There are 2 protein chains.
Amino acid sequence: MATKGERATRRTDALSQQLIVQAASEILDAEGEAALTFRALTRHLKTGYGAIYHHVANKSDLLAAATDDVIARVVADLVTGAQPREALRALALGLFDAIDAHPWVGAQLTREPWRPALLDVYKTVGEQLQALDAPEEAIFDAAGVLVNYILGVAGQNAANARVLAGGETGRAEFLADIAARWTRLDPAGHPWAQRAAKRLREHDDRAQFLAGIDLILAGIEAVNR
Amino acid sequence: MATKGERATRRTDALSQQLIVQAASEILDAEGEAALTFRALTRHLKTGYGAIYHHVANKSDLLAAATDDVIARVVADLVTGAQPREALRALALGLFDAIDAHPWVGAQLTREPWRPALLDVYKTVGEQLQALDAPEEAIFDAAGVLVNYILGVAGQNAANARVLAGGETGRAEFLADIAARWTRLDPAGHPWAQRAAKRLREHDDRAQFLAGIDLILAGIEAVNR
DNA sequence: ACCTGAACACCGTTCAAGT
DNA sequence: ACCTGAACACCGTTCAAGT
C-alpha cells in the first residue's frame, strides 16, 4: 500500500513488464481506454518514459500484453476433468465474464487476433470438441464458430457495459431506446421486429449467451449423426 | 477528376456529411485507420477544420457514419426473393466481402454495436430465420449467433488482411508462422493442435466461413425437429 | 449558415544524459 | 542495464473572425 508520506519520489524496486502490464490493466479498468497514456503510466509507476519503453516496445505492444494476461488467466483457471460440454460452457462463461470485467479486452481482440492467449482458447475448444466426439472434419469449423461467437457477444456486451458506465442512462432506458429504434425501422409491420424489441427489453445477457452456445453445440451434434 | 492545375484553392461547391464521409472512407481504404486525421481531411476536401466540424460532431461520429454507410450498402444490395437459406448465405458473404474490402469496419463494429445499420442486419437475419420456419423461441438466439459469427470472422479476416497488406510477409508465411506457434503450444502431442495447424495452412477463408454458417443453420434445424 | 486557420491542450515516442 | 525528463512531431478540437 502506498502511504500518504511517500510523495513523487523515485521508486526503489526494479520495474518489469509484469508490473507495467499490471498498472496498465488497473488504469484501463478504472478509467477506460482513453485514460491509458504514458504520462498516466509514469505517474502510476513513479518513473520516466524511458523506463517504460525499456520493458515494452510501444503502446500497442502493451495493450496486447495486457490482453494476453486477462485471457490466459481465464484459460488457466479452467477446472479440468469436467464433461466436455460443461467445460465448453465454463470456458465460454469465463471469457464472457472476464471481458465484462475488462471491457477493453473486447476491442483489443478484434484488432489483434492470433495472439498466443487466443491460440490457447482455440486449442482448448478444439480438444473439448474432440472429446465430444464431433466428427473430425467439423471440429475446425466448429471451433471457429464457437470462438467467434464467444468473443463477438462478449465484446458487444462489453461495449454496452461501457456505454452504461459512462452515461447517465440506465440499462432499462438504453434497451428501451434500442427497441424503439428497432420498431421504428419497420413501421409497415413485419412482426419480427416488434417481437424482437419486446424480447430485447426482457432478455438476460448471460442466459441468452448460453442459449447461443447450446444452439451451436446442437449444430455440431446434428452433423454428428 | 482533380486536374494538376487546381492547386490548394478553396472549393466552390458546398460541403456535406455525405462528401465528408465519402472522403473519410477513401482515406481509410487507401491508407488505413491511422491516416484518417482531420488534417488529411482538410487537405482532401480543400477546406478548413470548422467546415468539417460543422457537418460531423467529432471523429468517432465520422467513423460511425462511414461504417453505417458500408453496412447499409450491403443490406440494400441484397437480392430479394431468394430462398431464406440462400438469402442468409448471401448476406453473410456480402458482409464478409465488404469488411474484407474496408477492414476498418470490423474494428468499428466492435466499438459501437447497435448502430442503425447493424439493426438492419439483425432484422434481415431475423426475417429470414422466420421464413426458414425456425421455432419462435429460437429465432432471437439464432440471430445473435449468426450475426456475431459473421462479424467476428469477418473482423478477424480483415485484421489478417491488414497485417498482410502492411507487412513484408506473404499469406503462406503468415499462416505457417501461426501454425508453427500452434504446434509449439503443445509439444506433449495432443494431436488436435497438429491437425489444426495443418488445416490452417491449407484452408480457404471464404469456404471455411461458409462452412460455419452451414453449421449454425444445421443447429437451428436440429432444434426445429 | 457556412467556412477559415491560428491556437490550445493534449498525445506517443525519442534520446542525450545520468546512475 | 536501467532509468530520467526535456523535446519533437504529431493529434482532435475550439473559436474569434470572416463571407
Side-chain angles (χ1 to χ4, degrees), chain A residues 2 6-28 30-67 104 107-108 111-112 162 166-167, chain B residues 2 6-28 30-67 104 107-108 111-112 162 166-167:
Chain A
E6 57 178 33
R7 288 163 308 118
T9 53
R10 236 194 95 175
R11 53 182 303 116
T12 51
D13 50 335
L15 216 49
S16 67
Q17 244 242 34
Q18 257 265 47
L19 275 173
I20 296 170
V21 166
Q22 197 177 308
S25 222
E26 281 166 21
I27 294 173
L28 287 164
E31 304 171 68
E33 231 166 321
L36 181 66
T37 68
F38 277 80
R39 274 156 188 79
L41 270 177
T42 56
R43 238 178 291 131
H44 211 88
L45 292 166
K46 297 182 199 293
T47 184
Y49 301 112
I52 295 174
Y53 275 99
H54 196 267
H55 291 98
V56 301
N58 50 43
K59 191 175 180 177
S60 103
D61 180 51
L62 175 58
L63 267 167
T67 302
W104 45 274
Q108 187 56 28
R111 237 166 296 158
E112 298 205 36
R162 213 155 21 193
Chain B
E6 56 176 35
R7 287 163 309 118
T9 54
R10 234 194 96 175
R11 54 181 303 117
T12 51
D13 50 333
L15 215 49
S16 67
Q17 243 241 35
Q18 257 266 46
L19 275 173
I20 296 171
V21 166
Q22 197 178 307
S25 222
E26 281 166 22
I27 294 173
L28 287 164
E31 306 171 68
E33 231 166 321
L36 181 67
T37 67
F38 277 79
R39 274 155 188 81
L41 270 177
T42 56
R43 240 179 289 132
H44 212 88
L45 292 166
K46 297 181 199 296
T47 184
Y49 301 112
I52 295 174
Y53 276 100
H54 196 266
H55 291 99
V56 301
N58 50 43
K59 191 174 179 178
S60 103
D61 182 50
L62 175 57
L63 267 167
T67 302
W104 44 275
Q108 187 57 27
R111 238 165 296 158
E112 297 205 35
R162 213 156 20 193

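To find a chain, count down the sequence lines: A is the first, B the second, and so on, and within it residues start at 1. In this text the structure is predicted, and so the values were computed from the model without any measurement.
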field: Any residue meeting salt bridge (charged side-chain N to carboxylate O under 4.0 Å, His left out) with Glu31(A), in chain and number order, not counting sequence neighbours
entry: none
Phosphate OP1/OP2 of dT4(C): any His54(B) side-chain N/O under 4.0 Å: no
- request: Would you confirm whether Lys59(A), through its side chain, and Phe38(A), through its main-chain N or O, come within 3.5 Å as a donor-acceptor pair?
  value: no
Any His55(A) side-chain nitrogen or oxygen under 4.0 Å from OP1 or OP2 of dC3(D): yes
message: Testing the basics here: between Ala23(B) and His44(B), what is the closest heavy-atom pair and its distance to 0.1 Å?
response: CB-CD2, 3.8 Å
Closest non-hydrogen atom pair, Ala14(A) against Leu19(A): O-CD1, 3.6 Å
- request: Please state how far atom CG in Leu45(B) lies from atom P in dG5(C), giving the value in whole angstrom units.
  value: 14 Å
Note: Arg111(A)-Glu33(A) ion pair, threshold 4.0 Å (strictly below): yes
task: Quick one: closest heavy-atom pair of Val21(A) and Ala66(A), and the distance?
output: CG1-CA, 3.6 Å
- line: One should read off an interatomic distance between Ile52(A) CD1 and Arg39(A) CZ, to the nearest 0.5 angstrom, of 11.0 Å
query: Starting at the 5' end of DNA chain C, what dot-bracket string do you get if Watson-Crick and G-U pairs under 3.5 Å are bracketed, crossing pairs use [ ], other-strand pairs use | and unpaired bases use dots?
result: ||.|||||...|||||.||
What pairs of nitrogen or oxygen atoms, one from the protein and one from nucleotides 8-12 of chain C, lie under 3.5 Å apart?
{"from": "dC11(C)", "atom 1": "N4", "to": "Arg39(A)", "atom 2": "NH2", "distance (Å)": "3.4"}
{"from": "dG12(C)", "atom 1": "OP1", "to": "Leu36(A)", "atom 2": "O", "distance (Å)": "3.4"}
{"from": "dG12(C)", "atom 1": "OP1", "to": "Lys59(A)", "atom 2": "NZ", "distance (Å)": "2.7"}
{"from": "dG12(C)", "atom 1": "OP2", "to": "Phe38(A)", "atom 2": "N", "distance (Å)": "3.0"}
{"from": "dG12(C)", "atom 1": "N7", "to": "Arg39(A)", "atom 2": "NH1", "distance (Å)": "3.0"}
{"from": "dG12(C)", "atom 1": "O6", "to": "Arg39(A)", "atom 2": "NH2", "distance (Å)": "3.0"}

- request: Identify the heavy atoms of Glu112(A) and Ser60(A) that sit nearest to each other, and give their distance.
  value: OE2-OG, 3.9 Å
- request: Specify the separation, in whole Å, of atom CG of Leu41(A) and atom C1' of dT13(C).
  value: 14 Å
query: What is the distance, rounded to the nearest whole Å, between atom CD1 of Ile52(A) and atom P of dG5(D)?
result: 12 Å
